[in-house]
Amino acid sequence: MIAKYRIFSPYCFSDTICARLGHIGIGGFGMLAKILFKLFLFSTVATMVQAQEGGIDFSAMKIGTKLTTRTVWTPQSTFVAEYIGAKDGFHLIQNYKVKDGSLEENILDAYDDQGRRVWSTRNGHTNRFTPYSCHFVIGECNHQYEYYNVLTKKMVTNQSRYFNRREGDVFYLGIYRSDGSLHEVAHQLGAYNLRLSNVHQNALGQDSGFEFIELTVPE
């Protein structure tokens with residue numbers, strides 16, 4: 001059976017984890033070791049929680065989960081993103097374009113365990129983010145993007161700087177422009193921190209982005 005969701009509550013990963021040290025007397029090295037070990041566990045969990053505030057949460061996502069969206073410009077195009085599982089240490093999402101009622105393979109995206117995109121393939125070419133895409137990170141972030149330019153038929157590398165933030169179930173992707181100003185685009189988040197919609201105006205004042213259609217989750 002397949003469960004379909006059109007309205008749902010997003011997962012939130014914003015807990016704060018704190019640890020406090022007391023006085024340690026002479027000979028308390030065993031206790032110190034235990035405390036340090038606990039601190040290590042707390043810091044590890046805190047790091048994972050912080051990362052998941054921006055990254056996709058694959059920990060509970062079932063293989064076959066599908067997100068359907070549609071572009072807002074005319075003519076509109078419909079896309080389906082399907083989680084197909086993990087391979088070689090990466091979580092894979094196969095993207096399809098709906099054409100004449102059928103699914104046509106489009107882009108294959110690969111994510112790390114923190115839910116950050118690392119690389120993608122399209123038409124036999126692999127595009128890479130180093131160290132990962134800043135589109136899935138909270139706060140200051142810089143990434144290098146190497147991609148295949150279809151016009152020059154060569155690999156091109158550029159660098160981008162971001163400052164992203166999150167307010168509830170809205171992720172604000174902020175990219176610094178050449179003049180130093182910050183341009184933000186709001187993304188509506190849903191289950192698993194998936195980006196459901198991103199409707200905004202481009203530099204020409206035209207509607208751009210994509211809108212949410214449905215999320216289907218296998219049972």
Hey, quick one: are [X] and [Y] part of the same hydrophobic cluster, counting side-chain heavy atoms closer than 4.5 Å, chains of contacts allowed?
X	Y	result
W73	V185	no
L182	I138	no
I93	L196	yes
V150	V156	no
L67	F210	no

- Message: Between E140 and R161 (salt bridge meaning N to carboxylate O under 4.0 Å), is one present in this structure?
- Response: yes

- Message: Parallel, tilted or perpendicular, judged at 30° and 60°: which one describes the rings of H187 and F171?
- Response: perpendicular

Hey, can you pull the donor-acceptor pairs under 3.5 Å for the side chains in residues 102-111, sequence neighbours left out?
from : atom 1 : to   : atom 2 : distance (Å)
N106 : OD1    : R122 : NE     : 3.4
D109 : OD2    : N95  : ND2    : 2.9
Y111 : OH     : R117 : NE     : 3.4
Y111 : OH     : R117 : NH2    : 3.1

[atom1]-[atom2] distance between [X] and [Y], expressed to the nearest 0.5 angstrom:
X	Y	atom1	atom2	value
L92	S120	CG	OG	11.5 Å
S133	Q144	OG	CD	13.0 Å
R116	I56	CZ	CD1	12.5 Å
L173	F163	CG	CZ	12.0 Å
C141	F136	SG	CZ	11.5 Å
N158	Y147	CG	OH	5.0 Å

Is any side-chain heavy atom of [X] less than 4.5 Å from a side-chain heavy atom of [Y]?
X	Y	value
Y192	T65	yes
R195	H135	no
Y145	S160	no
V118	F90	yes
L189	V170	no
E211	T69	no
T126	Y148	no

Over all atoms of both residues, closest heavy-atom pair of [X] and [Y]:
X	Y	answer
G115	F58	CA-CE1, 4.0 Å
R128	W119	NH1-CD1, 3.7 Å
K97	S77	CE-OG, 3.9 Å
D207	V72	C-CG2, 3.9 Å

- Would you say N193's side chain and D57's backbone share a donor-acceptor pair under 3.5 angstrom? no

- Message: For the residue pair H91 / Y83, report whether a side-chain donor-acceptor contact shorter than 3.5 Å exists.
- Response: yes

- Message: Hydrogens and angles aside, do H125 and N127 bring a side-chain donor and acceptor to less than 3.5 Å of each other?
- Response: no

- Item | D179 CG: over 12 foreign heavy atoms closer than 6.0 Å | yes

- Message: Y172 vs E167, test: side-chain contact (heavy atoms from CB on, under 4.5 Å). Steps then yes/no.
- Response: CA-CA 8 Å; Y172 293 91; E167 293 183 4; 4.1 Å; yes

- Do N198 and Q188 pass the side chain to side chain donor-acceptor pair (under 3.5 Å) test, and can you show the C-alpha distance, the side-chain angles, and the key distance before you say yes or no? CA-CA 7 Å; N198 155 26; Q188 183 70 35; over 6 Å; no

- Please step through side-chain contact (heavy atoms from CB on, under 4.5 Å) for the pair Q159 and N142, ending with a clear verdict. CA-CA 7 Å; Q159 305 221 5; N142 297 275; 5.7 Å; no

- Task: Determine, step by step, whether E184 and R165 satisfy the salt bridge (Lys or Arg N to Asp or Glu O under 4.0 Å) criterion, reporting the C-alpha distance in whole Å, the side-chain angles of both residues, the deciding distance to 0.1 Å, and the verdict.
- Result: CA-CA 9 Å; E184 289 190 328; R165 59 191 177 91; 2.8 Å; yes

- Centroid-centroid distance, H183 to Y176, less than 6.0 Å: no

- Task: Check side-chain contact (heavy atoms from CB on, under 4.5 Å) between E82 and all other residues, then give those that pass, not counting sequence neighbours.
- Result: K66, I84, Y96

